[in-house]
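The structure appears below as structure tokens.
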Amino acid sequence: MKIMKLVAKIIPPDNYQHRNGFTNTELINRLTKHEKELVENELIKMLLDKTDLMIVETLAYMKSEKSLFILNNLLEQCSDDMIKIIISSSIFEINKDENMICISINAFKGLDDMYQKISAFYYLRKFDNTNTDNLIEEYTNHSEYLLSYNAKKALNK
């Protein structure tokens, strides 16, 4: 089936070898309107079986309003703060739901790992919001160089 081959190209196997440095935006940008609908439906079905953050972010990039129901369900069931940030920023990317800003800020405050915080800066920045920017700003003069550097980089300073 042609659509399944296309989906397999857009969402490669979930491992380092296939996903490190991979981006699917070019592939998505080349899809016809009909192909986008078919891919969107398949990605939503895939999310019903397994939470895959690449699928979540791809649906956000596609501005998939059809996926909001499942994305909100995933967010409700999620206990991992980093995953909450990714899902809530993806939901916000689709529908600009302001509640996602508070969810992400609260989830960020629950992060202990420096490397998760660094990744989270870039997701928080997607909100383009004063509250999230202020939270990132708090780390621009952090004693840990990597936190400071990435906070500045996320804010384009």
Side-chain angles (χ1 to χ4, degrees), residues 1-32 35-64 66-68 70-75 77-94 100-101 103-129 132-133 135-136 139-140 142-157:
M1 189 183 245
K2 181 185 173 207
I3 199 66
M4 293 313 290
K5 285 185 179 180
L6 192 53
V7 169
K9 282 184 183 176
I10 292 170
I11 307 294
D14 189 5
N15 60 44
Y16 183 83
Q17 177 185 2
H18 289 95
R19 292 199 180 174
N20 183 44
F22 175 79
T23 179
N24 59 19
T25 54
E26 289 288 322
L27 293 167
I28 293 164
N29 291 341
R30 290 191 300 235
L31 296 176
T32 66
E35 287 172 329
K36 278 185 182 174
E37 286 178 29
L38 295 173
V39 166
E40 177 184 31
N41 291 335
E42 286 304 315
L43 295 179
I44 291 168
K45 282 184 206 170
M46 290 168 71
L47 267 186
L48 291 170
D49 292 332
K50 177 185 176 230
T51 302
D52 183 326
L53 296 177
M54 179 171 269
I55 294 173
V56 169
E57 292 183 279
T58 300
L59 288 166
Y61 181 76
M62 294 174 72
K63 304 284 189 262
S64 169
K66 277 194 237 177
S67 69
L68 286 170
I70 190 162
L71 293 177
N72 278 298
N73 282 343
L74 290 174
L75 184 60
Q77 297 167 10
C78 185
S79 59
D80 181 293
D81 286 323
M82 188 63 212
I83 294 173
K84 277 184 188 178
I85 292 169
I86 295 169
I87 295 171
S88 60
S89 71
S90 295
I91 291 169
F92 184 84
E93 194 172 336
I94 296 168
M100 298 302 121
I101 296 169
I103 291 170
S104 284
I105 288 172
N106 288 335
F108 181 85
K109 290 177 180 176
L111 296 177
D112 293 323
D113 182 78
M114 175 178 71
Y115 296 102
Q116 283 189 329
K117 284 182 180 182
I118 289 169
S119 293
F121 291 152
Y122 299 94
Y123 288 99
L124 292 175
R125 189 62 196 103
K126 288 181 178 186
F127 291 104
D128 195 19
N129 174 273
T132 53
D133 287 354
L135 184 57
I136 299 167
Y139 287 85
T140 58
H142 197 278
S143 60
E144 177 56 58
Y145 173 76
L146 283 176
L147 280 171
S148 173
Y149 171 81
N150 282 282
K152 289 174 188 167
K153 191 172 172 192
L155 293 171
N156 294 316
K157 289 189 168 196

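None of the values given here were measured: they were computed from a predicted structure. Hydrogens, waters and symmetry mates play no part in the numbers below; they use all other heavy atoms, side chains included.
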Looking only at heavy atoms, which two atoms of Leu111 and Met82 are closest? And how far apart?
CD2-N, 3.7 Å
Which side chain to side chain donor-acceptor pair (under 3.5 Å) pairs, counting each pair once, include a residue from residues 79-91, with sequence neighbours left out?
Ser88-Ser104
Considering residues at least two apart in sequence or located in another chain, which fulfil the ring-ring contact (aromatic ring centres under 6.0 Å, His included) criterion with Tyr145?
Tyr149
Looking at Thr140 and Ser148, would you say the former's side chain and the latter's main chain have a donor-acceptor pair under 3.5 Å?
no
Give the intermediate values and the outcome of side-chain contact (heavy atoms from CB on, under 4.5 Å) for residues Met46 and Val7.
CA-CA 10 Å; Met46 290 168 71; Val7 169; 3.5 Å; yes
Salt bridge present between Lys2 and Glu35 (N-O < 4.0 angstrom)
yes
Check whether any side-chain heavy atom of Met54 lies under 4.5 Å from a side-chain heavy atom of Asn24, and answer yes or no.
yes
Approximate separation, where rounding is to 0.5 Å, of Glu26 CD and Ile10 CD1:
12.0 Å
From Cys78 SG over to Asn73 CG, what is the distance, rounded to the nearest 0.5 angstrom?
12.5 Å
Distance in Å, Ile85 CD1 paired with Ser119 OG, rounded so as to fall on 0.5 Å steps
9.5 Å
Given 3.5 Å as the limit, does a donor-acceptor pair link the side chain of Asn150 with the main chain of Leu146, or not?
yes
Results of side chain to side chain donor-acceptor pair (under 3.5 Å) for Asn15 - residues two or more places apart only:
His18
Value rounded to 0.5 Å, distance of CG in Leu31 from CD in Glu40:
11.0 Å
Phe121 vs Tyr139 aromatic rings, parallel, tilted or perpendicular, using cut-offs 30° and 60°?
tilted
Does any part of the side chain of Leu6, heavy atoms only, come nearer than 4.5 Å to the side chain of Leu38, both counted from C-beta?
no
I'd like to know whether NZ of Lys9 has more than 12 heavy-atom contacts from other residues, nucleotides or ligands below 6.0 angstrom.
no
Heavy-atom closest pair, residues Ser67 and Ile94
OG-CD1, 3.7 Å
How long is the straight-line distance from OG1 of Thr132 back to CD1 of Ile101, given to the nearest 0.5 Å?
6.5 Å
With rounding to the nearest 0.5 Å, note down the distance linking CG in Leu75 to CD1 in Ile70.
12.5 Å
With salt bridge (Lys or Arg N to Asp or Glu O under 4.0 Å) as the rule and sequence neighbours excluded, what pairs involving residues 46-64 come up?
Asp14-Lys50, Arg19-Asp52, Glu57-Lys126, Lys63-Glu93
How would you list, by chain and number, every residue that makes a ring-ring contact (aromatic ring centres under 6.0 Å, His included) with Phe127, sequence neighbours excluded?
Phe92
Non-hydrogen atoms of Arg125 and Ile136 that approach each other most closely
N-CD1, 3.9 Å
Quick one: are Leu59 and Leu47 in side-chain contact, heavy atoms under 4.5 Å?
yes
Can you tell me which residue pairs pass the side chain to side chain donor-acceptor pair (under 3.5 Å) test with a partner in residues 105-115, sequence neighbours excluded?
none
Identified side chain to side chain contact (heavy atoms under 4.5 Å, CB included) counterpart of Ile87 within the set Ile103, Val56, Asn72
Val56
